[in-house]
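Structure, as structure tokens:
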2 protein chains.
Amino acid sequence: MDLTHPEGGERVTLRDVAVRAGVHVSTASRVLRRRDRGTESRGRLSDTAERVRRIADELGYRPDPYAASLRTQRTDTFGVLVPALTDLVLATIYDAIEETAKERGYDTFVANTRDDLEEQRRRVDLLLDRRVDGLILGDARLDSTFVDELAARDVPFVLTSRRHGAHPSVTCDDELGGRLAAQHLLALGHRRVAVVAGEPYASTGQDRTRGFLDVCRESGVRVPASRVLHSRFDVAGGRAAAERLLAVRTPPTAVFAVNDFAAIGVMGALRDYGMRVGEDVAVVGYNDVPIARELPVPLSTVRSPLREMGEQAVAALCARLDGQDIGVVRLAPEMIRRASSVPVRRDQG
Amino acid sequence: MDLTHPEGGERVTLRDVAVRAGVHVSTASRVLRRRDRGTESRGRLSDTAERVRRIADELGYRPDPYAASLRTQRTDTFGVLVPALTDLVLATIYDAIEETAKERGYDTFVANTRDDLEEQRRRVDLLLDRRVDGLILGDARLDSTFVDELAARDVPFVLTSRRHGAHPSVTCDDELGGRLAAQHLLALGHRRVAVVAGEPYASTGQDRTRGFLDVCRESGVRVPASRVLHSRFDVAGGRAAAERLLAVRTPPTAVFAVNDFAAIGVMGALRDYGMRVGEDVAVVGYNDVPIARELPVPLSTVRSPLREMGEQAVAALCARLDGQDIGVVRLAPEMIRRASSVPVRRDQG
DNA sequence: GCTCACCGTGCAATCGATTGCAGGAAAGGT
DNA sequence: ACCTTTCCTGCAATCGATTGCACGGTGAGC
């Protein structure tokens, strides 16, 4: 067996490379470290450097990132917190975060917090134990001072998906998104409208709902509190809210759900009540996830730039680590009209 | 300011605790390390131990996991590879993996490989650089020898979602699942059936398709090759395949898609061709993701125990690290009947 | 009262890298 | 030809923990 190139056995360390190349380990470190910097173009390599690199390649040397961080006090990793990866919205944002971070030389650690305050604290502590260089939080809650505490502790972080006060964040302009939805439904002639508003502690639901209601008010359309219901952001949540909305004498002719999955739940409830989506009740969602357009009744929705949010969140965190000051970034939403929302019928009055 | 308890400043190290407690750092290490073992019950603590613990708590000491792994050569972390976290099926499995791993004292690193062979190699190397104690692969490809190579390198791993030869794996019994789908559709009287078969390199799609076709053959129902189409596992993939299936003189009366999202894509295509799901063409999916039952036409599907797969995959990997031999585990699927598949009509014959 | 075992503690090496400092060689300037 | 600058390299300390070894004290056993 070829003991000089251990495959499944012991790892090749910098020392192995150095010994083999007949140089000191510090020399080997410098040579290999420079390579990473990419400043290759500046002049030819010395013989030694050439040799060290060749041997490192031959031996399949891979530096131990932990040993390096121990010394440098940097880990080149980010921690990412999400309420749940099974939520396609957050999964998409995380996907973009991971990809962008990698391009910039960072690895990421994700953690699910199930929107639980205790879990949020625990997971952040675990991530900080792992010496992450910064955090991206996708689960900020308006009813918690946790992000304020983080800021006070000087932990570098950026919020995404949900914003929180003046803390650095990259989100969709949800208030505008809510306004677009309202303008759309009102333009179709709907006057008896309802909102499936999401969790009260999430800025997403709150802002979308506020924008929506603001436009209604400005247009003189009254929306009683009984037609604005909080809900979970998933299918079951939308369904539960819709069941309450429909169990009245004059149900709404249009429902704005602040999340596509909740909107799908609303559609399910409508079906069970014998009502046709679009024809009997208009439904508008939020985010424009890929299935929205393929549903048996394609879902009208407000598109939010999910991947862009992830990308910019990483950019913002990097900028922050560079000492720059990033503020609150809001990306533009776009109204997508589909078959689930059509003009109100006369008899729906 | 209270310099004895640095909040945002330098970290508290074991040395700080030791000095403060008036003991050697090794003593502090031993005391705190024993706590983790949980063998607390065995007798009262010595004064020293008591003091060290108290001080560690007061100072908010948190051990540096990297420094520890450097010495112990264990990281208590697993690496997890998935084709994409934006696929709810894999996200759900990962969610269970993460939770189970944490219960057993392991942190996890996830990586997306987009089902790309190059990326798969790269990401595994990065995970191994990070000294993960083991890998869980959710993206094994039948057209690649990568897992064979990993096995040859003695890297501890377990496959999930997709199996590969005799390598340790925890999957759904997909062949049985395919059989269930076929039995269901044939029992409804369908004879002109089609399969949206997923990617050819995934055991999931392959096994489900094989099971389905086996039952058809055993029942004397011929399924021409033109009605078995490969596809991506997402909505767009199902839609593309369905468009080809429907662009013929006598389209099938039933379609089995090996994935719920692909099934939703099929439903979208049917709608655009003016056909009604369930009434004109039966559709059966696979996995029973939560939206399946809330779709305007609820989707019949083969339920696979996704969370259980994740849990057992972790258990299997732990067992393997304990030196035990785990074989190929297949969990039972279940047929869920809903409105998207109804008895064939006379005129469809 | 003596011996042996055991427990608690300290010492120092170690894991695998990075980096400030210093010495020597080569290159460049006058 | 001499001095200065620059570059390359080696030495050794360091990051924050863990752990084998040795030593001293205490308690048990006879």
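Note that the coordinates shown come from a computational prediction; the quantities given were computed from them, not determined experimentally. Proteins get letters first, then strands, A, B, ... in listed order; numbering begins at 1 in each.
- Summary of the strand contacts: A:Tyr61 and B:Thr48 both lie near DNA chain C, and taking for each the nucleotide with the nearest heavy atom, the more 5' one is attributed to B:Thr48.
- Residue B:Leu14 places its side chain closer to D:dA17 than to any other of C:dG16, C:dT18, D:dA17.
- Summarising the geometry, the separation between CZ on B:Arg15 and C1' on D:dA17 is reported as 11 Å, rounded to the nearest angstrom.
- Rounded to an integer number of Å, the gap from A:Arg62 CZ to C:dA17 P is 12 Å.
- Residue-to-nucleotide contacts include a donor-acceptor pair under 3.5 Å from the side chain of A:Ser26 to the base of D:dC11.
- In this structure A:Arg54 satisfies the salt bridge (Lys or Arg N to Asp or Glu O under 4.0 Å) test together with A:Glu58, sequence neighbours excluded.
- Listed nucleotides: C:dT9, D:dT18, C:dT19. Nearest to the side chain of B:Ala68: D:dT18.
- Of the candidates C:dA17, C:dT18, D:dC15, the closest approach to any side-chain atom of A:Asp64 belongs to C:dA17.
- For the pair B:Arg131 CZ and C:dG16 P, the interatomic distance rounds to 8 Å; values are reported in whole Å.
- As a whole-Å value, the separation of B:Leu70 CG from C:dA17 P is 9 Å.
- In the helix from C:dG1-D:dC30 to C:dT30-D:dA1, the rotation axis of the first five pairs and that of the last five pairs differ in direction by 30°, rounded to 10 degrees.
- For residues 114-161 of chain B, the ring-ring contact (aromatic ring centres under 6.0 Å, His included) pairs, not counting sequence neighbours, are B:Phe157-B:His167.
- Atom CZ of B:Arg122 has more than 12 neighbouring heavy atoms from other residues, nucleotides or ligands inside a 6.0 Å radius.
- Checking D:dT9, D:dT19, D:dC15 against every side-chain atom of A:Thr27, the shortest atom distance belongs to D:dT9.
- With hydrogens and angles ignored, a donor-acceptor pair closer than 3.5 Å exists between the side chain of A:Arg30 and the base of D:dG10.
- Protein atom CG of B:Leu128 is 16 Å distant from nucleotide atom P of C:dG16, rounded to whole Å.
- Within a 6.0 Å sphere centred on CZ of B:Arg307, heavy atoms belonging to other residues, nucleotides or ligands number more than 12.
- Considering only residues two or more places apart in sequence or on other chains, A:Glu311 meets the salt bridge (Lys or Arg N to Asp or Glu O under 4.0 Å) condition with none of them.
- With C:dC15, C:dG16, C:dG10 as the candidates, the nucleotide lying closest to the side chain of A:Thr13 is C:dG16.
- Rounded to whole angstrom, the span from the OH atom of B:Tyr66 across to the P atom of D:dA17 amounts to 14 Å.
- In this structure, B:Arg130 places its CZ atom 22 Å from P of C:dC15, rounding to the nearest Å.
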Please list, one pair per line, the donor and acceptor atoms closer than 3.5 Å that link side chains of residues 72-80 of chain B to other protein atoms, with sequence neighbours excluded.
residue : atom : partner  : partner atom : Å
B:Thr72 : OG1  : B:Ala68  : O            : 3.0
B:Thr72 : OG1  : B:Arg74  : N            : 3.3
B:Thr72 : OG1  : B:Arg74  : O            : 3.3
B:Arg74 : NH1  : B:Asp76  : OD1          : 3.2
B:Arg74 : NH2  : B:Asp76  : OD1          : 3.2
B:Thr75 : OG1  : B:Thr77  : N            : 3.4
B:Thr75 : OG1  : B:Thr77  : OG1          : 2.8
B:Thr75 : OG1  : B:Arg131 : O            : 2.6
B:Thr75 : OG1  : B:Asp133 : OD1          : 3.3

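- Using modelled atom types and a 3.5 Å distance limit, the side chains of A:Thr86 and B:Asp95 yield no donor-acceptor pair.
- Heavy-atom nearest nucleotides on DNA chain C were determined for B:Gly22 and for A:His24, and the one closer to the 5' end corresponds to B:Gly22.
- Looking at residues two or more places apart in sequence or on another chain, you find a ring pair (Phe, Tyr, Trp, His ring centres under 6.0 Å) between A:Phe109 and B:Phe109.
- Atom CZ of A:Arg71 is separated from atom P of C:dT14 by 19 Å (rounded to the nearest Å).
- Distances shorter than 4.0 Å separate some side-chain N or O of B:Arg33 from OP1 or OP2 on D:dT18.
- Contact annotation: B:Gln73 reaches the phosphate of C:dG16 (side-chain N/O to OP1 or OP2, under 4.0 Å).
- For C:dA17, the OP1/OP2 oxygens have no side-chain nitrogen or oxygen of A:Ser29 closer than 4.0 Å.
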